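Small disclaimer: the values here were computed from a predicted structure and weren't measured. A, B, ... follow the sequence lines: proteins, then strands. Residue 1 opens every chain.
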Protein chains: 2
Amino acid sequence: MARRTKAEAQETRAQILDAAEQVFYRKGVLSASLNDIASEAGVTRGAIYWHFKNKHDVFMAMADRRRLPMEALAQRGEDSNEPDPLGRLREFMVYLLQQVARDPHQRRVFEIMFQKCEFTGENEALLVRQREACREAVQGLSTTFRNAVARGQLPLNLDIGKAVTLFHSLLTGLVMYWLFDPQAFDLEACAGEYVDTYLHGLSATPFLRHSP
Amino acid sequence: MARRTKAEAQETRAQILDAAEQVFYRKGVLSASLNDIASEAGVTRGAIYWHFKNKHDVFMAMADRRRLPMEALAQRGEDSNEPDPLGRLREFMVYLLQQVARDPHQRRVFEIMFQKCEFTGENEALLVRQREACREAVQGLSTTFRNAVARGQLPLNLDIGKAVTLFHSLLTGLVMYWLFDPQAFDLEACAGEYVDTYLHGLSATPFLRHSP
DNA sequence: ATATATACATTCATCCATGTATGTATAGGG
DNA sequence: CCCTATACATACATGGATGAATGTATATAT
(Lines give C-alpha, C1' and ligand atoms only; values in the text may rest on other atoms or scores of the structure.)
Protein backbone atom coordinates (compact mmCIF):
# COMPACT_ATOMS: atom_id res chain seq x y z
CA MET A 1 0.00 0.00 0.00
CA ALA A 2 1.21 3.45 -0.62
CA ARG A 3 0.02 6.97 -0.96
CA ARG A 4 -3.71 7.59 -0.42
CA THR A 5 -5.81 10.62 -1.21
CA LYS A 6 -6.08 13.39 1.34
CA ALA A 7 -9.55 12.33 2.41
CA GLU A 8 -8.35 8.79 2.96
CA ALA A 9 -5.44 10.10 4.99
CA GLN A 10 -7.81 11.94 7.32
CA GLU A 11 -9.76 8.73 7.60
CA THR A 12 -6.75 6.75 8.77
CA ARG A 13 -5.96 9.56 11.20
CA ALA A 14 -9.42 9.19 12.63
CA GLN A 15 -9.03 5.41 12.74
CA ILE A 16 -5.82 5.82 14.70
CA LEU A 17 -7.59 8.03 17.24
CA ASP A 18 -10.47 5.57 17.48
CA ALA A 19 -8.00 2.77 18.04
CA ALA A 20 -6.15 4.86 20.62
CA GLU A 21 -9.37 5.38 22.53
CA GLN A 22 -9.99 1.64 22.63
CA VAL A 23 -6.44 0.67 23.52
CA PHE A 24 -6.02 3.42 26.10
CA TYR A 25 -9.20 2.24 27.70
CA ARG A 26 -8.13 -1.39 27.78
CA LYS A 27 -4.46 -1.05 28.67
CA GLY A 28 -4.09 2.42 30.07
CA VAL A 29 -2.32 5.31 28.40
CA LEU A 30 1.19 4.48 29.51
CA SER A 31 0.91 0.73 29.18
CA ALA A 32 -0.43 1.00 25.66
CA SER A 33 2.28 0.77 23.05
CA LEU A 34 2.13 2.41 19.66
CA ASN A 35 2.20 -1.09 18.24
CA ASP A 36 -1.02 -1.91 20.06
CA ILE A 37 -2.68 1.18 18.67
CA ALA A 38 -1.34 0.57 15.19
CA SER A 39 -2.54 -3.01 14.95
CA GLU A 40 -5.91 -2.06 16.45
CA ALA A 41 -6.20 0.59 13.76
CA GLY A 42 -5.02 -1.81 11.04
CA VAL A 43 -1.93 0.22 10.18
CA THR A 44 1.73 0.18 11.17
CA ARG A 45 3.60 2.42 13.54
CA GLY A 46 4.85 4.29 10.54
CA ALA A 47 1.39 5.66 9.94
CA ILE A 48 1.12 6.89 13.49
CA TYR A 49 4.50 8.57 13.36
CA TRP A 50 3.43 10.24 10.14
CA HIS A 51 0.30 11.77 11.65
CA PHE A 52 1.58 12.35 15.18
CA LYS A 53 4.81 13.20 16.89
CA ASN A 54 4.60 10.45 19.51
CA LYS A 55 2.19 8.73 21.86
CA HIS A 56 1.69 11.82 23.94
CA ASP A 57 0.67 13.68 20.81
CA VAL A 58 -1.85 10.95 20.02
CA PHE A 59 -3.21 11.19 23.53
CA MET A 60 -3.64 14.95 23.35
CA ALA A 61 -5.38 14.68 19.99
CA MET A 62 -7.72 12.02 21.35
CA ALA A 63 -8.58 14.12 24.36
CA ASP A 64 -9.20 17.14 22.14
CA ARG A 65 -11.46 15.30 19.77
CA ARG A 66 -14.09 14.41 22.33
CA ARG A 67 -14.20 17.98 23.56
CA LEU A 68 -17.50 18.11 25.27
CA PRO A 69 -20.13 19.34 22.85
CA MET A 70 -21.83 20.60 25.96
CA GLU A 71 -20.17 23.95 26.04
CA ALA A 72 -22.90 25.39 23.89
CA LEU A 73 -25.48 24.04 26.27
CA ALA A 74 -23.63 25.45 29.24
CA GLN A 75 -23.32 28.88 27.71
CA ARG A 76 -27.01 29.33 27.18
CA GLY A 77 -27.32 30.35 30.81
CA GLU A 78 -24.71 33.06 30.39
CA ASP A 79 -26.96 35.14 28.18
CA SER A 80 -28.45 37.90 30.33
CA ASN A 81 -31.59 37.82 28.17
CA GLU A 82 -32.24 34.23 29.11
CA PRO A 83 -35.35 34.37 31.29
CA ASP A 84 -34.61 31.12 33.11
CA PRO A 85 -30.85 30.80 33.72
CA LEU A 86 -31.39 28.38 36.59
CA GLY A 87 -33.43 26.16 34.30
CA ARG A 88 -30.62 26.13 31.74
CA LEU A 89 -28.20 25.28 34.52
CA ARG A 90 -30.34 22.38 35.59
CA GLU A 91 -30.65 21.19 32.02
CA PHE A 92 -26.92 21.26 31.60
CA MET A 93 -26.18 19.35 34.80
CA VAL A 94 -28.70 16.63 34.11
CA TYR A 95 -27.62 16.35 30.50
CA LEU A 96 -23.97 15.99 31.46
CA LEU A 97 -24.67 13.25 33.99
CA GLN A 98 -27.01 11.34 31.73
CA GLN A 99 -24.66 11.71 28.80
CA VAL A 100 -21.91 9.99 30.77
CA ALA A 101 -24.30 7.24 31.73
CA ARG A 102 -25.61 6.77 28.18
CA ASP A 103 -22.86 7.51 25.69
CA PRO A 104 -20.15 4.84 25.76
CA HIS A 105 -17.71 7.22 24.07
CA GLN A 106 -18.08 9.89 26.70
CA ARG A 107 -17.88 7.27 29.37
CA ARG A 108 -14.71 5.75 27.94
CA VAL A 109 -12.96 9.09 27.65
CA PHE A 110 -13.90 10.02 31.21
CA GLU A 111 -12.77 6.64 32.42
CA ILE A 112 -9.45 7.01 30.64
CA MET A 113 -8.94 10.40 32.24
CA PHE A 114 -9.96 9.31 35.72
CA GLN A 115 -8.64 5.79 35.94
CA LYS A 116 -6.34 4.95 33.05
CA CYS A 117 -3.96 7.86 32.89
CA GLU A 118 -0.96 9.09 34.83
CA PHE A 119 -0.78 12.86 34.85
CA THR A 120 2.96 13.01 35.10
CA GLY A 121 5.88 14.02 32.94
CA GLU A 122 4.59 15.06 29.55
CA ASN A 123 1.00 14.29 30.42
CA GLU A 124 0.98 16.95 33.08
CA ALA A 125 0.53 19.38 30.22
CA LEU A 126 -2.95 17.95 29.86
CA LEU A 127 -3.67 18.63 33.51
CA VAL A 128 -2.62 22.23 33.04
CA ARG A 129 -4.82 22.62 29.98
CA GLN A 130 -7.79 21.10 31.72
CA ARG A 131 -7.22 23.35 34.69
CA GLU A 132 -7.38 26.37 32.45
CA ALA A 133 -10.48 25.09 30.69
CA CYS A 134 -12.03 24.48 34.08
CA ARG A 135 -11.27 28.01 35.23
CA GLU A 136 -12.91 29.40 32.14
CA ALA A 137 -15.92 27.24 32.83
CA VAL A 138 -16.02 28.62 36.36
CA GLN A 139 -16.15 32.13 34.93
CA GLY A 140 -19.05 31.24 32.67
CA LEU A 141 -20.90 29.51 35.47
CA SER A 142 -20.46 32.50 37.73
CA THR A 143 -22.14 34.61 35.10
CA THR A 144 -25.04 32.21 34.94
CA PHE A 145 -25.38 32.24 38.70
CA ARG A 146 -25.33 36.04 38.76
CA ASN A 147 -28.06 36.07 36.13
CA ALA A 148 -30.11 33.70 38.25
CA VAL A 149 -29.65 35.98 41.26
CA ALA A 150 -30.68 38.99 39.19
CA ARG A 151 -33.83 37.16 38.09
CA GLY A 152 -34.67 36.37 41.68
CA GLN A 153 -34.11 32.66 41.20
CA LEU A 154 -31.37 32.59 43.82
CA PRO A 155 -30.90 34.57 47.05
CA LEU A 156 -29.16 37.94 46.78
CA ASN A 157 -26.47 37.15 49.31
CA LEU A 158 -25.51 33.79 47.81
CA ASP A 159 -21.75 33.27 47.79
CA ILE A 160 -21.43 32.48 44.11
CA GLY A 161 -17.85 31.28 44.33
CA LYS A 162 -18.78 28.63 46.84
CA ALA A 163 -21.91 27.71 44.91
CA VAL A 164 -19.80 27.10 41.80
CA THR A 165 -17.31 25.06 43.78
CA LEU A 166 -20.10 22.86 45.09
CA PHE A 167 -21.51 22.64 41.57
CA HIS A 168 -18.23 21.39 40.20
CA SER A 169 -17.63 19.05 43.13
CA LEU A 170 -21.06 17.50 42.89
CA LEU A 171 -20.77 16.73 39.19
CA THR A 172 -17.20 15.48 39.50
CA GLY A 173 -18.07 13.38 42.50
CA LEU A 174 -21.15 11.79 40.99
CA VAL A 175 -19.35 10.93 37.77
CA MET A 176 -16.28 9.59 39.53
CA TYR A 177 -18.25 7.55 41.99
CA TRP A 178 -20.42 6.07 39.26
CA LEU A 179 -17.47 5.23 37.02
CA PHE A 180 -15.78 3.72 40.04
CA ASP A 181 -18.77 1.53 40.89
CA PRO A 182 -21.56 1.68 38.30
CA GLN A 183 -23.68 -0.68 40.35
CA ALA A 184 -23.62 1.55 43.39
CA PHE A 185 -26.50 3.66 42.06
CA ASP A 186 -28.47 4.46 38.92
CA LEU A 187 -26.88 7.64 37.61
CA GLU A 188 -29.17 8.06 34.62
CA ALA A 189 -32.37 7.67 36.59
CA CYS A 190 -31.41 9.72 39.63
CA ALA A 191 -29.43 12.50 37.99
CA GLY A 192 -32.36 14.89 38.16
CA GLU A 193 -33.00 14.20 41.81
CA TYR A 194 -29.41 14.84 42.85
CA VAL A 195 -29.26 18.01 40.81
CA ASP A 196 -32.52 19.25 42.27
CA THR A 197 -31.30 18.59 45.79
CA TYR A 198 -28.27 20.75 45.07
CA LEU A 199 -30.23 23.55 43.44
CA HIS A 200 -32.87 23.58 46.14
CA GLY A 201 -30.11 23.71 48.72
CA LEU A 202 -28.70 26.89 47.20
CA SER A 203 -31.88 28.72 48.15
CA ALA A 204 -32.78 26.89 51.33
CA THR A 205 -29.47 26.62 53.11
CA PRO A 206 -28.41 29.29 55.60
CA PHE A 207 -24.83 28.63 54.53
CA LEU A 208 -23.03 29.71 51.37
CA ARG A 209 -23.97 33.31 52.16
CA HIS A 210 -21.82 36.42 52.12
CA SER A 211 -20.92 37.63 55.59
CA PRO A 212 -22.18 41.24 55.44
CA MET B 1 26.73 -4.76 53.64
CA ALA B 2 25.04 -7.96 54.51
CA ARG B 3 22.50 -9.41 56.81
CA ARG B 4 20.81 -7.04 59.26
CA THR B 5 18.73 -7.77 62.30
CA LYS B 6 15.02 -8.29 61.93
CA ALA B 7 14.21 -4.86 63.27
CA GLU B 8 16.59 -3.31 60.78
CA ALA B 9 15.02 -5.30 58.01
CA GLN B 10 11.60 -3.91 58.86
CA GLU B 11 13.16 -0.49 58.83
CA THR B 12 14.48 -0.90 55.29
CA ARG B 13 11.09 -2.23 54.28
CA ALA B 14 9.51 0.92 55.59
CA GLN B 15 12.17 3.02 53.87
CA ILE B 16 11.34 1.32 50.59
CA LEU B 17 7.67 2.15 51.02
CA ASP B 18 8.49 5.74 51.94
CA ALA B 19 10.64 6.00 48.85
CA ALA B 20 7.91 4.43 46.74
CA GLU B 21 5.46 7.04 47.95
CA GLN B 22 7.82 9.81 46.92
CA VAL B 23 8.77 8.33 43.58
CA PHE B 24 5.22 7.32 42.69
CA TYR B 25 4.16 10.86 43.42
CA ARG B 26 6.89 12.40 41.28
CA LYS B 27 6.96 10.00 38.35
CA GLY B 28 3.68 8.13 38.49
CA VAL B 29 3.27 4.49 39.41
CA LEU B 30 3.96 3.01 35.99
CA SER B 31 6.70 5.41 35.01
CA ALA B 32 8.57 4.82 38.22
CA SER B 33 11.17 2.10 37.92
CA LEU B 34 12.31 -0.10 40.77
CA ASN B 35 15.71 1.48 40.32
CA ASP B 36 14.23 4.89 41.07
CA ILE B 37 12.63 3.58 44.22
CA ALA B 38 15.75 1.71 45.27
CA SER B 39 18.09 4.66 44.92
CA GLU B 40 15.59 6.95 46.62
CA ALA B 41 15.52 4.47 49.51
CA GLY B 42 19.29 4.11 49.52
CA VAL B 43 19.23 0.41 48.67
CA THR B 44 19.49 -1.70 45.52
CA ARG B 45 16.80 -3.45 43.58
CA GLY B 46 17.86 -6.63 45.31
CA ALA B 47 16.46 -5.34 48.57
CA ILE B 48 13.13 -4.55 46.96
CA TYR B 49 12.89 -7.97 45.35
CA TRP B 50 13.63 -9.49 48.72
CA HIS B 51 10.79 -7.71 50.49
CA PHE B 52 8.32 -7.59 47.62
CA LYS B 53 7.37 -9.68 44.65
CA ASN B 54 7.43 -6.84 42.13
CA LYS B 55 6.45 -3.20 41.68
CA HIS B 56 2.78 -3.99 41.88
CA ASP B 57 3.36 -5.64 45.23
CA VAL B 58 5.18 -2.52 46.44
CA PHE B 59 2.27 -0.41 45.26
CA MET B 60 -0.31 -2.50 47.06
CA ALA B 61 1.74 -2.42 50.26
CA MET B 62 2.08 1.35 50.01
CA ALA B 63 -1.64 1.77 49.52
CA ASP B 64 -2.36 -0.51 52.45
CA ARG B 65 -0.01 1.28 54.81
CA ARG B 66 -1.81 4.59 54.69
CA ARG B 67 -5.13 2.94 55.31
CA LEU B 68 -7.19 5.78 56.51
CA PRO B 69 -7.02 5.94 60.29
CA MET B 70 -10.42 7.51 59.95
CA GLU B 71 -12.38 4.32 60.03
CA ALA B 72 -12.55 4.48 63.80
CA LEU B 73 -13.88 7.99 63.58
CA ALA B 74 -16.42 7.00 60.99
CA GLN B 75 -17.68 4.06 63.01
CA ARG B 76 -18.53 6.12 66.05
CA GLY B 77 -21.77 7.06 64.38
CA GLU B 78 -22.71 3.43 63.86
CA ASP B 79 -23.21 2.87 67.57
CA SER B 80 -26.93 2.97 68.28
CA ASN B 81 -26.19 4.37 71.74
CA GLU B 82 -24.51 7.41 70.27
CA PRO B 83 -26.88 10.28 71.07
CA ASP B 84 -25.69 12.48 68.19
CA PRO B 85 -24.95 10.33 65.12
CA LEU B 86 -25.39 13.28 62.79
CA GLY B 87 -22.79 15.19 64.80
CA ARG B 88 -20.33 12.31 64.46
CA LEU B 89 -21.05 12.22 60.74
CA ARG B 90 -20.31 15.91 60.44
CA GLU B 91 -17.12 15.52 62.44
CA PHE B 92 -15.98 12.75 60.18
CA MET B 93 -16.66 14.63 56.96
CA VAL B 94 -14.94 17.79 58.08
CA TYR B 95 -12.02 15.85 59.50
CA LEU B 96 -11.53 13.93 56.27
CA LEU B 97 -11.54 17.05 54.13
CA GLN B 98 -9.26 19.00 56.42
CA GLN B 99 -6.94 16.05 56.80
CA VAL B 100 -6.43 15.97 53.03
CA ALA B 101 -5.76 19.68 53.03
CA ARG B 102 -3.35 19.52 55.97
CA ASP B 103 -1.49 16.22 55.95
CA PRO B 104 0.98 16.04 53.05
CA HIS B 105 1.09 12.26 53.35
CA GLN B 106 -2.65 11.85 52.95
CA ARG B 107 -2.61 14.34 50.15
CA ARG B 108 0.21 12.56 48.34
CA VAL B 109 -1.47 9.18 48.56
CA PHE B 110 -4.77 10.59 47.31
CA GLU B 111 -2.97 12.38 44.52
CA ILE B 112 -1.19 9.19 43.51
CA MET B 113 -4.49 7.34 43.42
CA PHE B 114 -6.36 10.03 41.52
CA GLN B 115 -3.74 11.39 39.17
CA LYS B 116 -0.63 9.24 39.12
CA CYS B 117 -1.96 5.75 38.68
CA GLU B 118 -3.40 3.66 35.88
CA PHE B 119 -5.97 1.21 37.15
CA THR B 120 -5.33 -1.37 34.51
CA GLY B 121 -3.84 -4.83 34.25
CA GLU B 122 -2.55 -5.86 37.63
CA ASN B 123 -3.49 -2.59 39.25
CA GLU B 124 -7.15 -3.22 38.60
CA ALA B 125 -7.00 -5.50 41.60
CA LEU B 126 -6.62 -2.36 43.68
CA LEU B 127 -9.76 -0.91 42.15
CA VAL B 128 -11.65 -4.02 43.06
CA ARG B 129 -10.38 -3.94 46.63
CA GLN B 130 -11.25 -0.28 47.00
CA ARG B 131 -14.68 -0.93 45.59
CA GLU B 132 -15.29 -3.55 48.24
CA ALA B 133 -13.97 -1.30 50.99
CA CYS B 134 -16.23 1.42 49.68
CA ARG B 135 -19.26 -0.84 49.75
CA GLU B 136 -18.52 -1.75 53.34
CA ALA B 137 -18.24 1.92 54.16
CA VAL B 138 -21.62 2.48 52.52
CA GLN B 139 -23.10 -0.16 54.83
CA GLY B 140 -21.66 1.54 57.89
CA LEU B 141 -22.83 4.94 56.75
CA SER B 142 -26.31 3.63 56.15
CA THR B 143 -26.39 2.48 59.76
CA THR B 144 -25.33 5.91 60.94
CA PHE B 145 -28.01 7.53 58.81
CA ARG B 146 -30.65 5.18 60.17
CA ASN B 147 -29.54 6.04 63.70
CA ALA B 148 -29.87 9.71 62.88
CA VAL B 149 -33.38 9.12 61.55
CA ALA B 150 -34.28 7.19 64.69
CA ARG B 151 -33.05 10.07 66.82
CA GLY B 152 -35.17 12.50 64.85
CA GLN B 153 -32.15 14.23 63.36
CA LEU B 154 -33.21 13.38 59.83
CA PRO B 155 -36.66 13.03 58.24
CA LEU B 156 -38.36 9.67 58.48
CA ASN B 157 -38.91 9.26 54.78
CA LEU B 158 -35.33 10.12 53.79
CA ASP B 159 -34.01 7.86 51.03
CA ILE B 160 -30.90 6.72 52.83
CA GLY B 161 -29.33 5.09 49.80
CA LYS B 162 -29.44 8.32 47.86
CA ALA B 163 -28.26 10.31 50.85
CA VAL B 164 -25.20 8.07 51.14
CA THR B 165 -24.53 8.36 47.41
CA LEU B 166 -24.61 12.14 47.69
CA PHE B 167 -22.40 11.91 50.76
CA HIS B 168 -19.79 9.92 48.91
CA SER B 169 -20.02 12.07 45.79
CA LEU B 170 -19.65 15.30 47.71
CA LEU B 171 -16.52 14.17 49.53
CA THR B 172 -15.00 12.61 46.42
CA GLY B 173 -15.81 15.64 44.34
CA LEU B 174 -14.45 18.18 46.79
CA VAL B 175 -11.21 16.26 47.27
CA MET B 176 -10.73 15.63 43.55
CA TYR B 177 -11.49 19.20 42.58
CA TRP B 178 -9.16 20.58 45.21
CA LEU B 179 -6.31 18.23 44.30
CA PHE B 180 -6.91 19.12 40.67
CA ASP B 181 -6.71 22.86 41.35
CA PRO B 182 -5.74 23.72 44.94
CA GLN B 183 -6.03 27.41 44.21
CA ALA B 184 -9.63 27.13 43.12
CA PHE B 185 -10.89 27.30 46.70
CA ASP B 186 -9.79 26.99 50.31
CA LEU B 187 -10.69 23.44 51.26
CA GLU B 188 -9.51 23.63 54.83
CA ALA B 189 -11.38 26.83 55.64
CA CYS B 190 -14.63 26.03 53.87
CA ALA B 191 -14.94 22.31 54.59
CA GLY B 192 -17.43 22.91 57.38
CA GLU B 193 -19.59 25.15 55.28
CA TYR B 194 -19.85 22.68 52.42
CA VAL B 195 -20.61 19.84 54.79
CA ASP B 196 -23.27 21.87 56.56
CA THR B 197 -24.90 22.75 53.27
CA TYR B 198 -25.14 19.07 52.48
CA LEU B 199 -26.45 18.06 55.90
CA HIS B 200 -28.97 20.87 56.01
CA GLY B 201 -30.13 19.87 52.57
CA LEU B 202 -30.94 16.36 53.75
CA SER B 203 -33.63 17.75 56.01
CA ALA B 204 -34.76 20.71 53.95
CA THR B 205 -34.99 19.28 50.46
CA PRO B 206 -38.26 17.83 49.20
CA PHE B 207 -36.19 15.37 47.16
CA LEU B 208 -34.34 12.24 48.32
CA ARG B 209 -37.59 10.97 49.80
CA HIS B 210 -39.15 7.56 49.54
CA SER B 211 -42.10 7.46 47.17
CA PRO B 212 -44.81 6.00 49.48
C1' DA C 1 30.65 -23.31 67.81
C1' DT C 2 28.76 -24.36 63.68
C1' DA C 3 25.27 -24.58 60.26
C1' DT C 4 21.77 -22.49 58.03
C1' DA C 5 18.57 -19.21 56.86
C1' DT C 6 18.40 -14.35 56.20
C1' DA C 7 18.99 -9.79 54.12
C1' DC C 8 20.56 -7.88 51.03
C1' DA C 9 24.17 -6.49 46.67
C1' DT C 10 25.77 -7.63 42.12
C1' DT C 11 25.57 -9.49 37.68
C1' DC C 12 23.39 -11.22 33.66
C1' DA C 13 20.15 -12.38 29.96
C1' DT C 14 16.08 -10.96 27.83
C1' DC C 15 12.57 -8.35 26.09
C1' DC C 16 10.07 -4.68 24.36
C1' DA C 17 9.06 0.04 23.22
C1' DT C 18 10.78 3.88 21.08
C1' DG C 19 12.63 6.81 17.45
C1' DT C 20 14.68 7.16 13.22
C1' DA C 21 16.18 5.99 8.81
C1' DT C 22 15.07 4.19 4.65
C1' DG C 23 12.10 2.19 1.06
C1' DT C 24 8.14 2.82 -2.06
C1' DA C 25 4.09 3.55 -4.56
C1' DT C 26 0.96 6.92 -5.91
C1' DA C 27 -1.75 11.43 -5.91
C1' DG C 28 -1.63 15.73 -7.78
C1' DG C 29 0.53 19.79 -9.64
C1' DG C 30 2.95 21.86 -13.64
C1' DC D 1 3.56 13.15 -18.96
C1' DC D 2 6.79 13.67 -15.53
C1' DC D 3 8.32 15.10 -11.16
C1' DT D 4 7.93 15.62 -6.44
C1' DA D 5 5.75 15.73 -2.16
C1' DT D 6 2.84 12.69 0.27
C1' DA D 7 1.30 8.72 2.97
C1' DC D 8 2.48 5.29 4.60
C1' DA D 9 5.39 0.33 5.40
C1' DT D 10 9.67 -1.81 6.65
C1' DA D 11 14.02 -2.27 8.82
C1' DC D 12 17.31 -1.05 12.21
C1' DA D 13 19.66 0.72 16.30
C1' DT D 14 19.22 1.88 21.00
C1' DG D 15 18.12 2.02 25.80
C1' DG D 16 16.07 0.94 29.76
C1' DA D 17 13.39 -2.04 32.73
C1' DT D 18 12.49 -6.49 34.40
C1' DG D 19 13.30 -10.90 36.73
C1' DA D 20 16.19 -14.34 37.95
C1' DA D 21 20.57 -16.11 39.14
C1' DT D 22 24.37 -15.75 41.87
C1' DG D 23 27.36 -13.92 45.49
C1' DT D 24 28.12 -12.87 50.39
C1' DA D 25 28.31 -11.61 55.03
C1' DT D 26 26.08 -11.94 59.22
C1' DA D 27 22.01 -13.02 62.65
C1' DT D 28 20.29 -16.55 64.88
C1' DA D 29 18.86 -21.05 66.11
C1' DT D 30 20.74 -25.40 67.82
Worksheet item: By side-chain hydrogen bond (donor to acceptor under 3.5 Å, both in side chains), which residues pair with A:D18, not counting sequence neighbours?
Response: A:R65
Discussion item. Does this structure show an ion pair linking A:E111 with A:R108, if we count only N-O contacts that are shorter than 4.0 Å?
Written reply: no
Discussion item. With side chain to side chain donor-acceptor pair (under 3.5 Å) as the rule and sequence neighbours excluded, what pairs involving residues 125-134 of chain A come up?
Written reply: A:D64-A:R129
Practice prompt. Could you pull out all residues at least two apart from B:H51 that satisfy ring pair (Phe, Tyr, Trp, His ring centres under 6.0 Å)?
Written response: none
Practice prompt. Check whether any side-chain N or O of A:H51 sits under 4.0 Å from OP1 or OP2 of D:dA7, and answer yes or no.
Written response: no
Worksheet entry | d(NZ, A:K6; P, D:dA5) in whole Å | 14 Å
Worksheet entry | Selected nucleotide, minimal atom distance to A:T12 side chain, candidates C:dG28, D:dC8, C:dA7 | D:dC8
Response to the item:
Angle separating the five-pair end axes of the helix from C:dA1-D:dT30 to C:dA27-D:dT4, nearest 10°, is 0°
Item to complete: Give the B/S/- string for nucleotides 15-20 of chain C, one per nucleotide from 5' to 3', where a protein heavy atom under 4.0 Å of the base yields B, of only the sugar-phosphate yields S, and otherwise -.
Response: --SBBB
Worksheet item: Is B:K116 close enough and on-axis enough to B:Y25, meaning under 6.0 Å and within 45°, for cation-pi?
Response: yes
Worksheet item: How many Å lie between CD on A:E11 and P on D:dT6, as a whole number?
Response: 20 Å
Fill in: Residues which pass side chain to side chain contact (heavy atoms under 4.5 Å, CB included) with A:Q183, listed by chain and number, not counting sequence neighbours
A:D181, B:R135
Worksheet item: Taking only residues two or more places apart in sequence, or in another chain, which ones meet A:A137 in a side chain to side chain contact (heavy atoms under 4.5 Å, CB included)?
Response: none
Discussion item. Is the phosphate of C:dA7 approached by B:W50 (side-chain N or O, under 4.0 Å from OP1 or OP2)?
Written reply: yes
Discussion item. Can you list everything that forms a side chain to side chain contact (heavy atoms under 4.5 Å, CB included) with B:E188? Sequence neighbours excluded, please.
Written reply: B:Q98, B:A101, B:R102, B:D186
Worksheet item: Considering only C:dC8, D:dA9, D:dT28, which nucleotide approaches the side chain of A:V43 most closely?
Response: D:dA9
Worksheet entry | For atom CD of A:Q10 and atom P of C:dA27, their distance in whole Å | 17 Å
Worksheet item: Which whole-number value in Å describes the distance from B:I16 CD1 to C:dC8 P?
Response: 7 Å
Worksheet entry | Any B:T5 side-chain N or O less than 4.0 Å from OP1/OP2 of D:dT28 | yes
Worksheet item: Who are the side chain to side chain contact (heavy atoms under 4.5 Å, CB included) partners of A:D36, not counting sequence neighbours?
Response: A:V23, A:K27, A:S33
Worksheet item: Picking from C:dA9, D:dA9, D:dA7, which would you name as closest to the side chain of B:A47?
Response: C:dA9
